[in-house]
Amino acid sequence: MIKLENPNGYIEITNNYFANLVGRAAQSCFGVTGMVNSNPYQNLKSAIKSKVSRENDNYDQGVSVKSINGKLTVELHISVSYGVNINAIVESIVNKVRYTVEEATDLKVSAVNVYIDALN
């Protein structure tokens, strides 16, 4: 959870909100075929979620958001289409995620790290 202070009080933003926001932004980019679980905790969470609900919204898979001194660091684990320019896809994702998060939350994004874990 990320806690912000402003003149009117405190604002708390959950990690789940950031994960969904970032995941939706990344999956809307050309060439991205999906999100990939980045650790065993996300694998377990995904397995439980698929048993409980039949919805296919895995936007928070493979997303990690950390706040360091008021700036955000985002890590994404994705799969991309075979034959596309990976450099162009990564550049597009970095720009889209940075813009989306900064517009939605007014927090600065210091880094967006994109890891390509699979080709489809």
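One hydrophobic cluster, built from ILVMFWY side chains closer than 4.5 Å, holds both I11 and F18. Cluster annotation: V80 is connected to Y82 through the hydrophobic network of ILVMFWY side chains, with a link wherever side-chain heavy atoms come within less than 4.5 Å. Put simply, V74 and Y115 are part of two different groups of oily side chains (I, L, V, M, F, W, Y) that touch within less than 4.5 Å, one to the next.
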Using a 3.5 Å cut-off and no angle test, enumerate the donor-acceptor pairs between side-chain atoms of residues 86-98 and protein atoms at least two apart in sequence or in another chain.
| unit_1 | atom_1 | unit_2 | atom_2 | d |
| --- | --- | --- | --- | --- |
| N95 | ND2 | E91 | O | 3.3 |
| K96 | NZ | S28 | OG | 3.3 |
| R98 | NE | V109 | O | 3.4 |

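How far OG of S67 is from CG of L107: 7.0 Å, rounded to the nearest 0.5 Å. In this structure, NZ on K66 lies 12.0 Å from CG on L72, to the nearest 0.5 angstrom.
The side chain to side chain contact (heavy atoms under 4.5 Å, CB included) search around A104 returns Y17, L21, not counting sequence neighbours. For S79, the side chain to side chain donor-acceptor pair (under 3.5 Å) partners are T33, N120, not counting sequence neighbours.
Shown are V65, I116, N113, V114; of these, the side chain to side chain contact (heavy atoms under 4.5 Å, CB included) with L76 is made only by V114.
The minimum heavy-atom distance linking V63 with M35 is given by the pair CG2-CE, 3.6 Å. In plain terms, the two heavy atoms of S110 and T73 that are nearest each other are OG-OG1, 3.4 Å.
Inter-residue side-chain proximity for N85 and F30 is flagged as unmet; no heavy-atom pair is nearer than 4.5 Å. Counting heavy atoms from C-beta on, the side chains of D117 and I78 never come closer than 4.5 Å.
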Please determine whether side chain to side chain contact (heavy atoms under 4.5 Å, CB included) holds for the pair I13 and T105, giving the CA-CA distance in whole Å, both sets of side-chain angles, and the decisive distance to 0.1 Å.
CA-CA 9 Å; I13 304 173; T105 65; 4.1 Å; yes
